[in-house]
Amino acid sequence: MDMSPHRPVPDEVQQLLLRWPEREEIYAFLALDPVGTVLWVSPAAELLLGYVHDDLVGESFGRLFTSEDRAKGLDQHELTIARHVGFCEDDRWHVRRDGTSIWTNGVTTAVKDHRGDLLGFAKVKRDRTDLKAQLVTLQNRVASLQQTAQDRLAFDETMVHEQANVLNALTAAVELLARSEQASRPVVEMLTRQVGILGRLLEDFRTGMHPGEVPTPKLIYETVQLNETLTDVANGVGAAAAAGGITLETLLPSGQIVLRADRSRLQQIVHNLLINAIKCTPAGGKVWLKATVEGEHVVVRVEDNGVGISGDMLPRIFELFTQEPRSLHLARGGSGIGLAVVKQWVDAHGGTVEVRSEGEG
């Protein structure tokens, strides 16, 4: 078991590496052949998934996936990504032997020999059902708070509307009174001042309901076939990638992924991400467009092996006019607004967007 063709691993280290999966109780290890057939499972698989060694050996590892994920081809899609990129990480529901579901976090790694030929895959999984439950609880709390805030806003808007009707009536009455010869001038002037004050207070209250308000982007929702949409976007930027000497790979499940979204905005999101990756990747580099389903979420990933992003830039990368100085020589005149637009439209859909980089290079 020579772990590297250049630096042999000492025998005692190899023994540790060989015995570690057998002693590990938190992570389940599976060894797969090049087509996904299970060759070996660690004892922790019984604790995690309820299967013993003989239950899975010789079976397709797709047996662990839910029927919905298998219908989308996500089991083979996982191997495809690992084969092309080197690894595939995901969070998804898996099915235990007793039929119950378990939320797992894991990674599938392609194992190749020194010539680059695929030997098989190593799959590592960990039970994170507790984390998923916490996440769902927090999402429910956020949804409840948002609904409460929306209900209060609707109530406030109704009250403002009704008060505006009363104020309009008072204003009309004061104007009518001012035209009367019998009306006391001091009284009319006092009423005029007070109605004016009420008008300003009402406007202040209306403004206070939406402090610093930016109009919510309008979305036109429709049923979207994600595979088709992503393929169209990738085809649209293919010429830009080729012109820069960059290989663009689209890795999508064989089954259709369907969601409700604004198709044109979704295309704009992915287009901006791909163009950003292409601009920041030198000639000879690669950009990958990938998609999958993790639980109730559609996950789209754009990855590249370009110049990378510095640690101090990561928290600000989706802010307006933000650009990574080290990539400006490659960006060819970028404006620094593309990623801000991405975040705007992702937020409008109720989604999230994040960036990861280990730093420059």
Side-chain angles (χ1 to χ4, degrees), residues 1 3-4 17-18 20-22 24-51 53 55-97 101-114 116-129 131-132 227 249-255 257 286-295 297-305 356 358:
M1 180 180 173
M3 302 299 292
S4 167
L17 293 174
L18 287 170
W20 173 41
E22 297 180 355
E24 175 61 53
E25 295 183 354
I26 297 177
Y27 293 91
F29 294 81
L30 292 87
L32 314 176
D33 70 7
V35 298
T37 303
V38 178
L39 302 175
W40 176 85
V41 297
S42 69
E46 182 173 0
L47 298 173
L48 184 69
L49 301 168
Y51 291 100
H53 184 274
D55 290 332
L56 290 176
V57 171
E59 299 284 338
S60 170
F61 88 115
R63 179 177 177 180
L64 302 175
F65 285 64
T66 65
S67 58
E68 295 81 4
D69 284 355
R70 285 199 305 273
K72 295 182 177 72
L74 297 185
D75 50 345
Q76 292 303 312
H77 180 55
E78 188 172 297
L79 300 184
T80 300
I81 290 179
R83 187 181 300 113
H84 282 78
V85 182
F87 68 95
C88 177
E89 55 180 339
D90 60 18
D91 301 285
R92 70 174 66 259
W93 291 108
H94 275 317
V95 180
R96 292 171 51 87
R97 185 183 185 185
S101 296
I102 180 174
W103 183 259
T104 65
N105 163 262
V107 60
T108 300
T109 303
V111 181
K112 301 180 180 181
D113 61 20
H114 65 280
D117 295 331
L118 181 66
L119 299 177
F121 301 91
K123 185 175 180 64
V124 184
K125 305 295 292 184
R126 182 182 181 185
D127 180 5
R128 295 320 311 261
T129 308
L131 184 62
K132 179 65 173 177
N227 307 47
E249 285 192 75
T250 303
L251 303 172
L252 305 176
S254 58
I257 298 176
K286 286 188 174 184
V287 174
W288 295 273
L289 172 61
K290 305 187 294 186
T292 188
V293 176
E294 296 183 0
H297 294 103
V298 167
V299 181
V300 178
R301 292 183 172 95
V302 174
E303 299 180 11
D304 64 73
N305 58 1
R356 298 182 191 178
E358 296 181 359

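Here the structure is a predicted model, which means the values were calculated and not measured. Just so it is clear, the values below take in all heavy atoms, side chains as well, and ignore hydrogens, waters and symmetry mates.
Rounding to the nearest 0.5 angstrom, the gap separating the CZ atom in R63 from the CG atom in D75 is 13.5 Å. Atoms CG and OG1, from L131 and T104 in turn, are 12.0 Å apart once rounded to the nearest 0.5 Å.
Legend: salt bridge (charged side-chain N to carboxylate O under 4.0 Å, His left out) pairs involving residues 42-51, not counting sequence neighbours: none detected. Applying the ring pair (Phe, Tyr, Trp, His ring centres under 6.0 Å) definition to pairs two or more places apart or across chains, those involving residues 72-93 are W93-W103.
The side chain to side chain contact (heavy atoms under 4.5 Å, CB included) search around V302 returns L273, L274, A277, V287, L289, not counting sequence neighbours. Taking E59 as the reference, nothing meets the side chain to side chain donor-acceptor pair (under 3.5 Å) condition, with sequence neighbours excluded. Partners of T129 under the side chain to side chain donor-acceptor pair (under 3.5 Å) rule, at least two apart in sequence or in another chain, are D127. The ring pair (Phe, Tyr, Trp, His ring centres under 6.0 Å) search around F61 returns F65, not counting sequence neighbours. With sequence neighbours left out, the side chain to side chain donor-acceptor pair (under 3.5 Å) criterion links R97 to D55. Partners of A122 under the side chain to side chain contact (heavy atoms under 4.5 Å, CB included) rule, at least two apart in sequence or in another chain, are V111. Residues meeting the side chain to side chain contact (heavy atoms under 4.5 Å, CB included) test with D90, sequence neighbours left out: E78, R92, K125, E294. Among residues two or more places apart in sequence or in another chain, the salt bridge (Lys or Arg N to Asp or Glu O under 4.0 Å) test is passed with E249 by K286. In this structure, the side chain to side chain donor-acceptor pair (under 3.5 Å) partners of K290, at least two apart in sequence or on a different chain, are E303.
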Tabulate below the donor-acceptor pairs under 3.5 Å that side-chain atoms of residues 27-44 make, not counting sequence neighbours, or state none.
unit_1, atom_1, unit_2, atom_2, d
D33, OD1, V35, N, 3.0
D33, OD1, G36, N, 3.0
D33, OD1, T37, N, 2.8
D33, OD2, T37, OG1, 3.4
S42, OG, F29, N, 2.9

Step by step, work out the side-chain contact (heavy atoms from CB on, under 4.5 Å) result for L49 and I102.
CA-CA 8 Å; L49 301 168; I102 180 174; 4.2 Å; yes
For T292 and R301, what are the C-alpha separation, side-chain angles and deciding distance, and is it a side-chain contact (heavy atoms from CB on, under 4.5 Å)?
CA-CA 9 Å; T292 188; R301 292 183 172 95; 4.0 Å; yes
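In plain terms, the two heavy atoms of R83 and L118 that are nearest each other are NE-CD2, 3.7 Å. The minimum heavy-atom distance between R70 and G62, with the atom names listed, is CD-O, 3.2 Å. In this structure, L252 and A291 approach most closely via the heavy-atom pair CD2-CB, 3.8 Å.
A donor-acceptor pair under 3.5 Å links the side-chain atoms of R96 to the main chain of L48, judged by distance alone. Although no hydrogens or angles enter the test, the distance criterion places a donor-acceptor pair under 3.5 Å between the side chain of N227 and the main chain of G255.
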